[in-house]
Amino acid sequence: MQVAVVGGTGTLGVPVVRDLVARGHSVRVLSRSAPTNPVAGSEHHAVDLVTGSGLDAALAGVHTVVDAASHRGLRSARVMVEGVHTLLAAEQRADVGHHVEISIVGCEQVPFSYYRTKVAQERVVTQGPTPWTLLRATQFHELIDEILGASAKFRLAPRGSLRFQPVDVNAVATRLADAVEAGPSGRIRDIGGPVVQTLGELADVRRRTLGQTLIPLPVPPVGRIARRVRDAALCLDSAGEAVSYDYAEWLHRRYAKPVS
Ligand SMILES: NC(=O)c1ccc[n+]([C@@H]2O[C@H](COP(=O)([O-])OP(=O)(O)OC[C@H]3O[C@@H](n4cnc5c(N)ncnc54)[C@H](OP(=O)(O)O)[C@@H]3O)[C@@H](O)[C@H]2O)c1
């Protein structure tokens, strides 16, 4: 099948591209910049979701689009809400049969600006013209590690009761590749990692694994956003599917020194 992965150079996009190529699909990687380490067998097309440039050429002959694009700054709505609108319009012109979207578990419960953007993006897709599949996932280990790594640079380890259930991005990519092959399925089962842990527990695991001495930084659950996260709004409910391995295992795989 001819598949386009928008944001195919990102944290999620790369394993989605790899998985689809491994399954024998023809994969186009759509993003503004060319990949630094292109996945063998995939083909890059320069596009910009904000201006719409490159989309018509990149989607010609494509059957399914996976949208793994993201922008975490002030322009997040321009890229992910107006951008997905522009993308769906291009899909219509190209007669694309299936749009696969990725979103975030509990995003409607946490009034953080990026999550509001995700809720708005979901609305555009689920009310849009292309038959769709929507998967929600919890935070990737990479995101947790980025946050804790940034604190560790200042020799700080956050403490506190905010709760997360981080997941292996490759497991999310596999679910999206399954969704591509299944065809339009609407909202499918949420996925997340195997364990719910507090930010303090996650920071402790990182500190111990990397052998760092850090100063505890209390992060009290002040404000609505923090209280909702403390109350596990970003974690799976009983209908969700817990997959993959926990953050300790991810750290081990990511930072383990190769045996010489
Ligand atoms: N990170 C998490 O923990 C997490 C958890 C659950 C769900 N998700 C969702 O997964 C998706 C991917 O997230 P990610 O963390 O993998 O993102 P990421 O690593 O930041 O990658 C973003 C991708 O989007 C592309 N992009 C950005 N602006 C673009 C534009 N204007 N036009 C075209 N492409 C553009 C980037 O390439 P260029 O910059 O070269 O254009 C890159 O390929 C998002 O929908 C996110 O909400 C993420």
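Each ligand, and each atom within it, is numbered from 1 in the order the structure gives. For clarity, every value in this text was computed on a predicted model and none was experimentally measured.
- The CD atom of Gln121 sits 5.5 Å away from atom CG of Asp67, with the distance rounded to the nearest 0.5 Å.
- Salt-bridge annotation for Arg23 and Asp19: present, with a side-chain N of the basic residue lying under 4.0 Å from a carboxylate O of the acidic one.
- Cluster partners of Leu217, by chain and number: Phe154, Leu156, Ile215. The rule joins Ile, Leu, Val, Met, Phe, Trp and Tyr whenever side-chain heavy atoms lie under 4.5 Å apart.
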Could you go through ligand 1 and note, for every N or O atom, any protein N or O atom closer than 3.5 angstrom, writing the atom names and distance to 0.1 Å, or 'none'?
residue	atom	partner	partner atom	Å
ligand 1	3 (O)	Phe140	N	2.8
ligand 1	16 (O)	Thr11	N	3.3
ligand 1	16 (O)	Leu12	N	2.8
ligand 1	19 (O)	Thr11	N	2.9
ligand 1	19 (O)	Thr11	OG1	3.0
ligand 1	24 (O)	Ser70	N	3.2
ligand 1	28 (N)	Arg32	NH2	3.4
ligand 1	31 (N)	Asp48	OD1	3.0
ligand 1	32 (N)	Leu49	N	2.9
ligand 1	37 (O)	Thr9	OG1	3.4
ligand 1	39 (O)	Arg32	NH2	2.8
ligand 1	40 (O)	Ser33	N	2.9
ligand 1	40 (O)	Ser33	OG	3.4
ligand 1	41 (O)	Arg32	N	2.9
ligand 1	41 (O)	Arg32	NE	2.8
ligand 1	43 (O)	Gly7	O	3.3
ligand 1	43 (O)	Thr9	N	3.4
ligand 1	43 (O)	Thr9	OG1	2.6
ligand 1	43 (O)	Gly10	N	3.2
ligand 1	45 (O)	Ala69	O	3.4
ligand 1	45 (O)	Lys118	NZ	2.6
ligand 1	47 (O)	Tyr114	OH	2.7
ligand 1	47 (O)	Lys118	NZ	3.0

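- Judged by the 6.0 Å distance and 45° axis criteria, Arg253 is positioned over the aromatic ring of Tyr245.
- With sequence neighbours excluded, the residues that form a side-chain hydrogen bond (donor to acceptor under 3.5 Å, both in side chains) with Thr51 are Ser53.
- Looking at residues two or more places apart in sequence or on another chain, you find a salt bridge (charged side-chain N to carboxylate O under 4.0 Å, His left out) between Arg72 and Glu146.
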